[in-house]
Amino acid sequence: PLRYISKLRELVKLEAEKNKSQWKTMGPAKVAVPSPNDFLQKRSKEPKLAPIKKEEDGQKLLPLSVPPRTYHPVTRVKKNFINKNAVAVMTREPKKPRHFCVDTRQGDKYLLEPSGLYPKYIKKKNYGVLPKYVTQRNEEMKREEEEYQASVLEQLKKKAMKVLSEEERTSVLKALKKNWEEINHAYQGLPILTDTRYKQMHKEELELKLKQLEHDIAAIEKHKNVYIAN
């Protein structure tokens, strides 16, 4: 079979020749040698001033930006940093000692202030003062309690019992006594012999009514103020 030939063979050759350095296999590239007449002269690398332009006919040159005679350049003062640092150290406030806490016999220590053992919060201006949110919450709770008490009192007033006046009390007492007299008269008129069941029941009923009336009369006579529920 025929040998495989890539379609990109020519492109690969062009890229290889294009990227190939000239001096890689055949020595350094040939560069033009400088002429012996162009030798390095003295002060040839120093910056040269521009040539002074002369005034032409009818044309004035612009004034040069030269500082005036009264201009005094700022001269740099040499600082003696050693003396300056020494004076700063001597006039500086002394460094405050740091408090440590030693908890072992080997001398292991740690700072006392961030440990929580040093009472630094009692030196605050607002130490012991209730926060605003606590006072607001207490006021709200107090207001709610007052509103609740007012609503309870209002409900009790609605459900409060009525006080009988003296006239009503005397009239009720007279009515109870009159009723007791009538029932007592009927009780006195009962036959002596109660040989039937009806007579026994009628007698017991009258006795219960008399006891209830006597209890009510005694309660009204004992208490001057009588309350009646609505």
Side-chain angles (χ1 to χ4, degrees), residues 1-140:
L2 296 175
R3 189 176 62 178
Y4 172 75
I5 299 173
S6 175
K7 297 179 180 180
L8 305 175
R9 184 176 181 182
E10 301 297 331
L11 183 60
V12 171
K13 286 183 178 180
L14 288 175
E15 290 182 355
E17 291 178 359
K18 183 178 179 181
N19 298 328
K20 192 174 181 181
S21 301
Q22 298 180 359
W23 61 88
K24 200 161 187 179
T25 56
M26 303 300 293
K30 293 182 179 181
V31 184
V33 181
S35 175
N37 297 327
D38 299 334
F39 58 90
L40 185 62
Q41 297 181 359
K42 186 179 181 181
R43 297 182 179 177
S44 61
K45 292 188 176 182
E46 292 181 358
K48 296 180 180 180
L49 298 175
I52 300 173
K53 294 183 179 180
K54 296 182 179 181
E55 294 185 4
E56 298 181 358
D57 297 336
Q59 293 182 359
K60 290 185 178 182
L61 296 176
L62 297 174
L64 298 176
S65 58
V66 180
R69 292 180 179 273
T70 58
Y71 174 74
H72 299 285
V74 179
T75 56
R76 294 185 179 180
V77 180
K78 292 184 179 180
K79 295 182 180 179
N80 192 348
F81 292 99
I82 297 176
N83 294 339
K84 184 179 178 182
N85 294 339
V87 170
V89 171
M90 287 186 288
T91 56
R92 189 170 53 188
E93 294 182 1
K95 191 175 181 181
K96 295 181 180 180
R98 306 180 73 181
H99 300 281
F100 291 93
C101 179
V102 180
D103 58 350
T104 59
R105 62 182 181 179
Q106 284 80 14
D108 297 335
K109 61 182 181 179
Y110 53 87
L111 289 174
L112 184 62
E113 185 174 354
S115 65
L117 301 175
Y118 182 70
K120 61 181 180 180
Y121 294 103
I122 62 175
K123 298 180 180 179
K124 287 187 174 183
K125 294 181 180 180
N126 58 351
Y127 177 76
V129 180
L130 284 176
K132 291 184 178 179
Y133 72 93
V134 176
T135 54
Q136 291 177 0
R137 185 176 62 185
N138 291 339
E139 290 176 359
E140 291 177 359

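Scope of the values below: all heavy atoms of this structure, side chains included, with no hydrogens, waters or symmetry mates. Residue numbers count from 1 along this sequence. Quick caveat, the model's predicted, so the values are computed rather than measured.
How far CG of Asn85 is from CE of Met90: 10.5 Å, rounded to the nearest 0.5 Å. Here the straight-line distance linking atom CZ of Arg137 with atom CG of Leu130 works out to 10.0 Å at 0.5 Å rounding. Of the inter-residue distances, the one linking His99 atom NE2 with Lys109 atom NZ reads 13.0 Å to the nearest 0.5 angstrom.
Minimum heavy-atom separation, Pro36 to Phe39: O-CD2, 3.6 Å. Residues Tyr121 and Tyr127 approach most closely at O-CD1, 3.3 Å, considering heavy atoms. Across every non-hydrogen atom of Cys101 and Leu112, the tightest pair is CB-CD1, 3.9 Å. Scanning both residues, Glu113 and Tyr118, for their nearest heavy atoms gives CA-CB, 4.0 Å.
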Show the atom names and distances, to 0.1 Å, of all donor-acceptor pairs under 3.5 Å that link a side chain in residues 42-50 to residues at least two apart or in another chain.
{"from": "Ser44", "atom 1": "OG", "to": "Gln41", "atom 2": "O", "distance (Å)": "2.9"}

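For CD1 of Ile82, the number of neighbouring non-hydrogen atoms (other residues, nucleotides, ligands) closer than 6.0 Å is 12 at most.
The shortest side-chain heavy-atom distance between Leu11 and Glu15 falls under the 4.5 Å cut-off. At a threshold of 4.5 Å between non-hydrogen side-chain atoms, the residues Asp103 and Asp108 count as touching. Residues Phe100 and Leu111 form a side-chain contact, since some pair of their non-hydrogen atoms from C-beta on lies under 4.5 Å apart.
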